[in-house]
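Taking it in order: structure first as structure tokens, then the write-up.
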Amino acid sequence: MMIRPMRAEDMNTVVDIWYRGSIQAHDFIEREYWEAGKKDMLEQYLPMSMTYILEDENRNVTGFVSMVDQYLAALFVDVSQQKKGYGKQILAFIKEKYDAVQLKVYQKNSNAVEFYRKNGFNIREELIDEATSQEEFLMTWVKLEDTIEV
């Protein structure tokens with residue numbers, strides 16, 4: 001597996017991975033909400049973020065992560081490739097690049113909440129997503145400084 005910056009030709013694949021993953025992970029939100037978001041992802045959100053692609057040895061895009069400054073806006077692995085450690089691999093890549101990361105996750109998306117907790121994120125705040133009226137958590141991760149005992 002290799003992680004690299006997204007290229008223009010990756011965008012439709014990334015939107016497809018986001019859409020299928022969103023439907024699977026967020027069955028508590030109407031499918032139409034995600035369908036309506038495809039255009040915004042393609043034209044607004046992906047262009048404004050720094051997106052990295054995870055691709056396999058055959059150059060198939062298997063996942064991606066989008067960052068806006070230190071905010072993790074999206075992390076998705078293709079639904080057919082989940083539970084193989086790819087999400088953890090992408091997250092480890094981001095944690096190497098940033099000293100602190102924050103994100104929002106729907107509280108009902110218990111798999112994602114648990115994934116981020118296992119990977120060092122802590123819940124900082126409970127919020128309501130204005131677009132969906134769903135409860136969400138603001139979660140943060142901070143790189144610990146190496147301390148040397150003297």
I'd like to know if Val105 and Phe28 are part of one continuous hydrophobic network [Ile/Leu/Val/Met/Phe/Trp/Tyr, side-chain heavy atoms within less than 4.5 Å].
no

Here the pair of heavy atoms bringing Trp18 nearest to Gly37 is CH2-C, 3.8 Å

Given the side-chain rings of Phe137 and Tyr106, with only the six-membered ring counted for Trp, is the space between their centroids under 6.0 Å?
no

Is the NZ atom of Lys88 crowded by more than 12 outside heavy atoms at less than 6.0 Å?
no

Gap between atom CG of Leu75 and atom CD1 of Ile94 - 0.5 Å precision
8.0 Å

Do Leu91 and Gln89 have side chains that approach each other closer than 4.5 Å (heavy atoms only, starting at C-beta)?
no

Sidechain-backbone polar pair: Asp69 side chain, Tyr71 backbone, donor-acceptor under 3.5 Å
no

Give a yes or no on whether Tyr19 and Val79 share a hydrophobic cluster (residues Ile, Leu, Val, Met, Phe, Trp, Tyr; joining criterion: side-chain heavy atoms under 4.5 Å apart).
no

Test Asp129 against Thr132 for side-chain hydrogen bond (donor to acceptor under 3.5 Å, both in side chains), laying out the working first.
CA-CA 6 Å; Asp129 178 36; Thr132 63; 2.7 Å; yes

If you measure from the Lys or Arg side-chain nitrogens to the Asp or Glu carboxylate oxygens, is any gap between Lys108 and Glu135 under 4.0 Å?
no

Residue pair Ser66 / Met48, side-chain heavy-atom distance below 4.5 Å:
no

Is it the case that the ring center of Phe64 lies less than 6.0 angstrom away from the ring center of Tyr52?
no

Does any non-hydrogen side-chain atom of Met139 lie less than 4.5 Å from one of Arg124?
no

Is it the case that more than 12 heavy atoms not belonging to Glu30 sit under 6.0 Å from its CD atom?
no

Separation between OG1 (Thr13) and CD (Glu55), nearest 0.5 Å, reads 11.0 Å

Taking atom CD of Glu9 as the centre, report whether more than 12 heavy atoms of other residues, nucleotides or ligands fall under 6.0 Å from it.
yes

CD of Glu136 to CD of Glu125: how many Å apart, nearest 0.5 Å?
10.0 Å

Is there a donor-acceptor pair closer than 3.5 Å between any side-chain N or O of Asp56 and the backbone N or O of Asn58?
yes

In terms of hydrophobic clusters joined by side-chain contacts under 4.5 Å, are Val14 and Trp34 together?
yes

Spatial distance of atom OG (Ser49) from atom CD (Gln44) [nearest 0.5 Å]
11.0 Å

Looking at side-chain heavy atoms only, is the closest gap between Ile53 and Ile3 below 4.5 Å?
no

Apply the test side chain to side chain contact (heavy atoms under 4.5 Å, CB included) to residues Leu138 and Gln102: give CA-CA distance (whole Å), side-chain angles for both, the deciding distance (0.1 Å), then the verdict.
CA-CA 7 Å; Leu138 174 67; Gln102 67 175 330; 3.3 Å; yes

Hey, is CZ on Arg117 packed in by over 12 heavy atoms from elsewhere, all under 6.0 Å?
no

Can you find a heavy atom in the side chain of Ile17 that is under 4.5 Å from one in the side chain of Val61?
yes

Any chain of hydrophobic side-chain contacts (each under 4.5 Å) joining Met6 to Ile90?
no

A side-chain contact here means heavy atoms from C-beta on lying under 4.5 Å apart; do Val101 and Phe121 qualify?
yes

How close do Glu96 and Lys143 get, counting heavy atoms only, and between which atoms?
O-NZ, 3.6 Å

I would like to know whether Asp10 and Arg59 meet salt bridge (charged side-chain N to carboxylate O under 4.0 Å, His left out); could you show each step before the answer?
CA-CA 11 Å; Asp10 300 318; Arg59 303 186 119 175; over 6 Å; no

Hey, is CD on Glu130 packed in by over 12 heavy atoms from elsewhere, all under 6.0 Å?
no

With the side chain counted from C-beta on, respond yes when Leu72 and Met67 share a heavy-atom pair under 4.5 Å apart, and no when they do not.
yes

If you measure from NZ on Lys104 to CG on Leu127, what distance do you get to the nearest 0.5 Å?
5.5 Å

Is the shortest heavy-atom distance from the side chain of Met2 to the side chain of Glu57 under 4.5 Å?
no

Please check this pair: side chain of Lys95 against backbone of Asn119, looking for a donor-acceptor N/O pair closer than 3.5 Å.
yes

Side chain to side chain contact (heavy atoms under 4.5 Å, CB included) for Tyr116 and Leu103? Distances and angles first, verdict last.
CA-CA 9 Å; Tyr116 290 117; Leu103 58 89; 3.5 Å; yes

Could you check whether atom CZ of Arg7 has more than 12 heavy atoms from other residues, nucleotides or ligands sitting under 6.0 Å from it?
yes

Flag if over 12 foreign heavy atoms under 6.0 Å of CZ, Arg31:
no

Pro5 and Met50 have their tightest heavy-atom pair at CB-CE, 3.8 Å

Can you get from Val77 to Val15 by hopping between Ile, Leu, Val, Met, Phe, Trp and Tyr side chains that sit under 4.5 Å apart?
no

Distance (rounded to the nearest 0.5 Å) between Tyr33 OH and His26 NE2
9.5 Å

